[in-house]
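Single-structure report; data block below.
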Amino acid sequence: MMNPQSGTTAGDIPVAYRRPAGEEGATDGGGRSRGTVDGDGQRRVLEYPPAPEPLGEPLIDNHTHLDFRDGAVEVSVRDALDAAEAVGVKGAVQVGCDLESSRFTVQALDVEPRLLGAVAIHPNEAPLMARGGTLETALEEIEQLAAHPRVRCIGETGLDYFRTAEDGIERQQYSFRRHIDIAKRLGLALQIHDREAHQDVVRILQQEGAPERVVFHCFSGDAELARICNEQGWYVSFAGTVTFKNARNLREALAVTDPERMMVETDAPFLTPHPYRGRPNASYMVPCTVRAMANELQLDAGELASRLTSNTEEVYGSWTGV
């Protein structure tokens, strides 16, 4: 059934995401975009996946990058959220990774009531800025941007040791500690980016004293880390990666995660769930991941959706009002 406002029909690509007829590659729409080849040097399929059936309960995408373009089209914030809402995704958290995207986030919050925001300097950006002498001023601006009433989170921040030199690790850790401090002083949640750095992320959170609400975005750990999150009261957010055939560790983590600490996200335009892995991702794909999670947990998908949305609102607050 089609939503007349969004032009979205389950089983079809939403209208706003369709490639213009006759175009083979991505258009030059400006802004930042993903590459057209994958990690193996193969050309990616740039067509967005078809929209899934709604679950009957509202969902929230708690981590997306609407400023990052992918595929062969450029989709406005409003059109992206219209397509998501048509399949039951009523809101999203737009996440900044540097000053440019954090400024975009605040601008989007001023015009789109279905968004809340997160702002930060990504751990991969922090060493570059530190070497250039701009990290301190960038962190000052992040704190200023975080004063916006619809910014509810500092993120994504954390540690990423994949292809990171030793001096980069030290600078990432410094930046991470600064972000933790900002979140605590402003009373905001903290979204963690953790890649091949589980032990140090946990250690630094414990040393600094974690904010009241901590979310491990795009959880990449195993059952052991999930149990640590349970013990600490930290939230575990699953992305499309939990559906990947080689992601047994994530499904084992899902199985032991406290249901009251479980969340869902897209990390769009990245990490599109199976069977569309490698294609562009968008917030309207959240129901696909939730269905896969429900199947793994042997739960009703609508029941799980209700729990995930409740958890998300406990972390970020209400999408309505301010």
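Numbering of residues begins at 1 and proceeds along the displayed sequence. Bear in mind that the values here come from a model prediction, so they are computed numbers and not experimental data. Basis for what follows: all heavy atoms, side chains included, without hydrogens, waters or symmetry-related copies.
Here the side chain of His63 pairs no donor or acceptor atom with the backbone of Thr266 at under 3.5 angstrom. Listed for the Arg171 side chain is no donor-acceptor partner under 3.5 Å among the backbone atoms of Ala126. Formation of a donor-acceptor pair under 3.5 Å by the Trp319 side chain with backbone atoms of Ile60 is not found in this model. Of the possible donor and acceptor atoms, one in the side chain of Arg251 sits under 3.5 Å from a partner among the backbone N and O of Lys245. Looking only at distances, a side-chain donor or acceptor of Thr272 sits under 3.5 Å from a matching main-chain atom of Arg279. Side chain of Arg152 to backbone of Leu116: no donor-acceptor contact under 3.5 angstrom is found. Side chain of Asn249 to main chain of Gly221: a donor-acceptor pair is present (N/O by atom type, distance under 3.5 Å, no hydrogens or angles). Of the possible polar contacts, one joining the Asp300 side chain to the Glu303 backbone as a donor-acceptor pair under 3.5 Å is found. Asn230 contributes a side-chain N or O that, together with a main-chain N or O of Val256, makes up a donor-acceptor pair within less than 3.5 Å. Side-chain atoms of Thr309 never come within 3.5 Å of backbone atoms of Ser306 as a donor-acceptor pair (strictly under, hydrogens ignored).
Between Leu225 and Val202 the shortest side-chain heavy-atom distance falls below 4.5 Å. With a 4.5 Å cut-off on side-chain heavy atoms, Pro49 and Tyr17 do not count as touching. Between Val151 and Leu145 the shortest side-chain heavy-atom distance does not fall below 4.5 Å. A heavy-atom distance below 4.5 Å is found between the side chains of Gln206 and Gln232. The side-chain heavy atoms of Ile142 and Ser102, taken from C-beta on, include a pair separated by under 4.5 Å. Here the side chains of Pro273 and Asn281 are in contact, with some heavy-atom distance below 4.5 Å. When side chains are defined from C-beta on, Glu296 does not count as touching Val242, because their heavy atoms never get closer than 4.5 Å. Residues Leu254 and Met262 are in side-chain contact: their nearest non-hydrogen atoms beyond the backbone lie under 4.5 Å apart.
The cationic atom of Arg195 (NZ for Lys, CZ for Arg) lies less than 6.0 Å from the six-membered ring centre of Phe162 and within 45° of the ring axis. Relative to the ring axis of Phe244, Arg277 places its NZ or CZ within 45° and under 6.0 Å from the centre.
Residue Glu212 qualifies as open at atom CD: its count of foreign heavy atoms under 6.0 Å is 12 or below. Counting non-hydrogen atoms of neighbouring residues, nucleotides and ligands closer than 6.0 angstrom, the CZ atom of Arg177 exceeds 12 such neighbours. More than 12 heavy atoms of other residues, nucleotides or ligands lie within 6.0 Å of CD in Glu136, so this atom counts as buried by the packing criterion.
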Pair Asp167-Arg131, salt bridge (charged side-chain N to carboxylate O under 4.0 Å, His left out): steps then yes or no: CA-CA 10 Å; Asp167 67 330; Arg131 292 186 193 110; 3.4 Å; yes

Just do the salt bridge (charged side-chain N to carboxylate O under 4.0 Å, His left out) check on Arg103 and Glu141 with the steps written out, would you? CA-CA 9 Å; Arg103 292 165 184 158; Glu141 182 171 347; 2.7 Å; yes

For a salt bridge (charged side-chain N to carboxylate O under 4.0 Å, His left out) check, start with the C-alpha distance between Glu85 and Arg114, then their side-chain angles and the critical distance, and finish with the verdict. CA-CA 9 Å; Glu85 189 173 16; Arg114 291 170 291 186; 2.7 Å; yes

Under the side chain to side chain contact (heavy atoms under 4.5 Å, CB included) criterion, do Val119 and Val95 qualify, and how do the steps go? CA-CA 6 Å; Val119 295; Val95 180; over 6 Å; no

When you look at Phe104 and Leu66, which way does the side chain to side chain contact (heavy atoms under 4.5 Å, CB included) test go after all the steps? CA-CA 9 Å; Phe104 171 94; Leu66 293 171; 4.2 Å; yes

Show, in sequence, the C-alpha distance, side-chain angles and deciding distance for Phe216 and Asp194, and conclude whether the side chain to side chain contact (heavy atoms under 4.5 Å, CB included) test is met. CA-CA 7 Å; Phe216 276 66; Asp194 168 21; 3.9 Å; yes

Kindly determine whether Arg44 and Asp70 satisfy salt bridge (charged side-chain N to carboxylate O under 4.0 Å, His left out), including the steps that lead there. CA-CA 11 Å; Arg44 296 174 52 236; Asp70 198 9; 2.8 Å; yes

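Using a 4.0 Å cut-off between a side-chain N of Lys or Arg and a carboxylate O of Asp or Glu, Glu252 and Arg248 qualify as a salt bridge. Taking 4.0 Å as the cut-off between side-chain N and carboxylate O, Lys90 and Glu313 count as a salt-bridged pair.
Residues Tyr48 and Tyr276 keep their aromatic ring centres 6.0 Å or farther apart.
In the model, Thr312 has no side-chain atom that pairs as donor or acceptor with a side-chain atom of Asn62 under 3.5 Å. Asp267 and His65 share a donor-acceptor pair across their side chains, judged by distance under 3.5 Å alone. With 3.5 Å as the limit, one finds a donor-acceptor pair spanning the side chains of Gln191 and Tyr316. No hydrogens or angles considered: nothing links the side chains of Arg203 and Gln199 as a donor-acceptor pair under 3.5 Å. There is no side-chain donor-acceptor pair under 3.5 Å between His148 and Gln107. At a cut-off of 3.5 Å, with distance as the only test, a side-chain donor of Asp200 or Tyr161 sits close to an acceptor on the other residue. Judged purely by distance below 3.5 Å, without hydrogens or angles, the side chains of Asn311 and Arg307 pair a donor atom with an acceptor atom. Asn124 and Asp160 form a side-chain donor-acceptor contact under 3.5 Å, judged by distance and modelled atom types alone.
With sequence neighbours left out, Phe219 forms a ring pair (Phe, Tyr, Trp, His ring centres under 6.0 Å) with Phe238. Listed by chain and residue number, Arg185 satisfy the salt bridge (charged side-chain N to carboxylate O under 4.0 Å, His left out) test with Glu143 (two or more places apart in sequence, or in another chain).
Listed here is the closest heavy atom pair of Thr64 and Ser283: OG1-OG, 3.7 Å. Listed here is the closest heavy atom pair of Glu47 and Arg19: N-NH2, 3.9 Å.
No continuous path of ILVMFWY side-chain contacts below 4.5 Å connects Leu128 to Leu139, so the two sit in separate hydrophobic clusters.
Rounding to the nearest 0.5 Å places CG of Asn295 at 11.0 Å from CG of Leu304. Separation of atoms CD (Glu265) and CG (Leu271) is listed at 8.0 Å; rounding is to 0.5 Å.
Below 30°, between 30° and 60°, or above 60°: for His193 and His217 the angle between ring planes is between 30° and 60°, a tilted geometry.
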